[in-house]
Participant: 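Handing you a structure now.
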Amino acid sequence: MGSPFSLTLIILLSLTSVRVEAQGIKSARLLDLLIRDYTLKSSGVRFKTGMVHTVHLPANFSGIKVDAVRFRCGSLRRYGAQVKEFHLGIGVTLQPCAERLVVIRQNLDLNWSPIYYANYDLSGYQLVSPILGLLAYNFGSDVNVSDSFEIGIHAGEKPITIDFSNASTTANVSGVRPLCASFENDGRVIIKVPESLFVCVAKRHGHYGLVIKSPPAPPPSMQMIKRKISLWKVVVGSSVGTALGVFLLGMLFVAMFVQVKKKARMEEMERRAYEEEALQVSMVGHVRAPTATVTRTTPIIEHGSRPYPS
C-alpha cells in the first residue's frame, strides 16, 4: 500500500486542483502572462536594480509567491545573480540582450502546481514540491506592459541551479529520493537525477519541480481475495445448477414424448386389431361390440343315454 505521506499528498493535490479549476485558469502559459502583467504593472520606479522585490498578487491568485529583480543585461552576464532558489552563474547569456530586464521567480505552491498535471504528461510520477519558475522580460521606463517580450536566459559554463531544500514536501521524509522534472515549452517533461539532494540543475529559464515515482497499486487484501473466491463459487454453483436444471427439463420432455408415442402406438395396434378381427362387430348404442354367428348346440340326453343312430 502507499505510504501515509503519498496518500496525504494525493489528497492535497486533488483538493487544490479543484481550486485551480474554480479560478477558470487551465493553461500554464496563461498563468505566466497574468503573473507577468501584475509584476510589471506593480514595479514602476519603486524597483531598485539588483534588489529582490516581493510582488503582491490579487486574492484570486492565493498561494502563488512571486519575486522580481531588475537587472542591466551586461551586469547580469558579468556577475550572475541569486534569485531566491535560483542561482545564475557568471557568463549567463540573454537572448535578446535588452538594456534593462526584470527576472521573475514564481513559486506556485500546492494551490496552483496541479495545473501542470493538466498541461503535461506526468504518468507514473507525482509532484512532491511546488513548481518553481524563472522567467525574464524586457522592461524599462519607456516600455509598456503590452510591449514587453520574453527574454531567454541560458547558462554559461556553469549550469543554473535550483535549490528545493525549503520547498520540497519530502525534506523530512527518510528514504525518499526525488527526481528533477523540467517542464519544456513544447509540452515535454524531462526527468533527471538531481545534482545533489533537493538541488536540480538547468541550462535555461523555465519551470521545474521535484517528483517521485507513483507508488504501485496495493496488492489485494485477504478479504478481497475471499470475496472473489466466494463470487467464483456462486458463479460456478449457478452455472452447474442451471445446467442440471436444463438437463432434467430435457429428460422430462423426452419422457413425455416417449409416453405420447407409446400411447399413439397402442391406439394404432388396437385399431388394426379391430379391423382384422374375425368376429363381427356391431354397434350397441354408442359402443362397438363383437358378435358371434348363431350356432345350434348338439343336444345331450340326460342319464348318459345316447340317441340311436338314424
Participant: So do Gln106 and His207 actually touch side chain to side chain, heavy atoms under 4.5 Å?
Facilitator: yes
Participant: Would a 4.5 Å heavy-atom cut-off, applied to side chains only, mark Cys97 and Arg77 as touching?
Facilitator: yes
Participant: Hey, does the side chain of Thr49 reach the backbone of Phe71 with a donor-acceptor pair shorter than 3.5 angstrom?
Facilitator: no
Participant: Verify the neighbour count for atom CD of Glu184: are there more than 12 heavy atoms of other residues, nucleotides or ligands below 6.0 Å?
Facilitator: yes
Participant: Does the side chain of Ile162 reach to within under 4.5 Å of the side chain of Leu134, using non-hydrogen atoms?
Facilitator: no
Participant: With rounding to the nearest 0.5 Å, note down the distance linking CD1 in Ile35 to CG in Leu57.
Facilitator: 6.0 Å
Participant: Find the distance between CD1 (Ile212) and CZ (Arg177) and round it off to the nearest 0.5 Å.
Facilitator: 13.0 Å
Participant: Any salt bridge (Lys or Arg N to Asp or Glu O under 4.0 Å) involving residues 104-123? Give me the pairs, sequence neighbours left out, ordered by first then second residue.
Facilitator: Lys65-Asp109, Asp67-Arg105, Glu85-Arg105
Participant: Given the rule in the side-chain contact (heavy atoms from CB on, under 4.5 Å) test, do Leu94 and Ile153 qualify, once you have shown the distances and angles that lead to the verdict?
Facilitator: CA-CA 5 Å; Leu94 304 173; Ile153 304 176; 3.8 Å; yes
Participant: May I ask you to decide if Thr93's main-chain N or O and His154's side chain share a donor-acceptor pair within less than 3.5 Å?
Facilitator: no
Participant: Can Glu150 and Arg29 be counted as an ion pair, charged N to O under 4.0 angstrom?
Facilitator: yes
Participant: May I ask you to decide if Glu99's main-chain N or O and Asn138's side chain share a donor-acceptor pair within less than 3.5 Å?
Facilitator: no
Participant: Nearest 0.5 angstrom please: Asp163 CG to Ser196 OG, how far?
Facilitator: 7.5 Å
Participant: Can you confirm whether Pro96 sits close enough to Phe149 that some side-chain heavy atom of one is under 4.5 Å from a side-chain heavy atom of the other?
Facilitator: yes
Participant: So, for Phe164 and Pro130, which heavy atoms are closest and what is the spacing to 0.1 Å?
Facilitator: CE2-O, 3.9 Å
Participant: At their closest point, which heavy atom of Phe198 faces which heavy atom of Pro178, and how far apart are they?
Facilitator: CE2-CG, 3.7 Å
Participant: Indicate if Ile190 and Val128 have the same hydrophobic cluster label, given that clusters are the connected sets of ILVMFWY residues with side-chain heavy-atom separations under 4.5 angstrom.
Facilitator: no
Participant: Taking Ser113 for the side chain and Ile131 for the main chain, is one N or O donor matched with an acceptor at less than 3.5 Å?
Facilitator: yes
Participant: Taking all non-hydrogen atoms of both residues into account, name the closest pair between Gln126 and Ser214 and its distance.
Facilitator: N-OG, 3.9 Å
Participant: Decide side-chain contact (heavy atoms from CB on, under 4.5 Å) for Tyr38 and Ile104; before the verdict, give the C-alpha distance in whole Å, the side-chain angles of both, and the deciding distance to 0.1 Å.
Facilitator: CA-CA 11 Å; Tyr38 281 114; Ile104 300 175; over 6 Å; no
Participant: Mind checking whether Val193 and Leu127 sit in one hydrophobic cluster, side chains of I, L, V, M, F, W, Y counted as touching below 4.5 Å?
Facilitator: yes
Participant: Supply the atom-to-atom distance Cys180 SG to Ile191 CD1, rounded to the nearest 0.5 angstrom.
Facilitator: 9.0 Å
Participant: Sequence neighbours left out, what passes side chain to side chain contact (heavy atoms under 4.5 Å, CB included) with Leu34? Give chain and number order.
Facilitator: Ile25, Leu30, Phe61
Participant: I need the Ser182 OG to Arg204 CZ distance, nearest 0.5 Å.
Facilitator: 8.0 Å
Participant: So, Gln82 side chain and Lys84 main chain: donor-acceptor pair closer than 3.5 Å or not?
Facilitator: yes
Participant: How close do Gly133 and Phe86 get, heavy atom to heavy atom, and via which atoms?
Facilitator: O-CE1, 3.6 Å
Participant: Please tell me whether Tyr117 and Ile115 are part of a single hydrophobic cluster in this structure, the criterion being side-chain heavy atoms less than 4.5 Å apart.
Facilitator: yes
Participant: Please determine whether residues Val201 and Val83 belong to a single hydrophobic cluster, defined as Ile, Leu, Val, Met, Phe, Trp and Tyr linked transitively by side-chain heavy-atom distances below 4.5 Å.
Facilitator: no
Participant: CZ/Arg188 to OH/Tyr120 distance, rounded to the nearest 0.5 angstrom?
Facilitator: 10.5 Å
Participant: Under a 3.5 Å distance rule, please check whether Trp112 uses its side chain to pair with a backbone N or O of Asn107 as donor and acceptor.
Facilitator: no
Participant: Looking at every non-hydrogen atom in both residues, tell me the closest pair between Val92 and Leu76 and how far apart they are.
Facilitator: CG2-O, 3.6 Å
Participant: Could you tell me if the side chain of Val211 sits less than 4.5 Å from the side chain of Val189, heavy atoms only?
Facilitator: no
Participant: Would you say Tyr116's side chain and Tyr208's backbone share a donor-acceptor pair under 3.5 angstrom?
Facilitator: no
Participant: Shared ILVMFWY cluster between Val199 and Leu88, side chains joined below 4.5 angstrom?
Facilitator: no
Participant: What are the two closest heavy atoms between Ser129 and Leu210, and how far apart are they?
Facilitator: OG-N, 2.8 Å
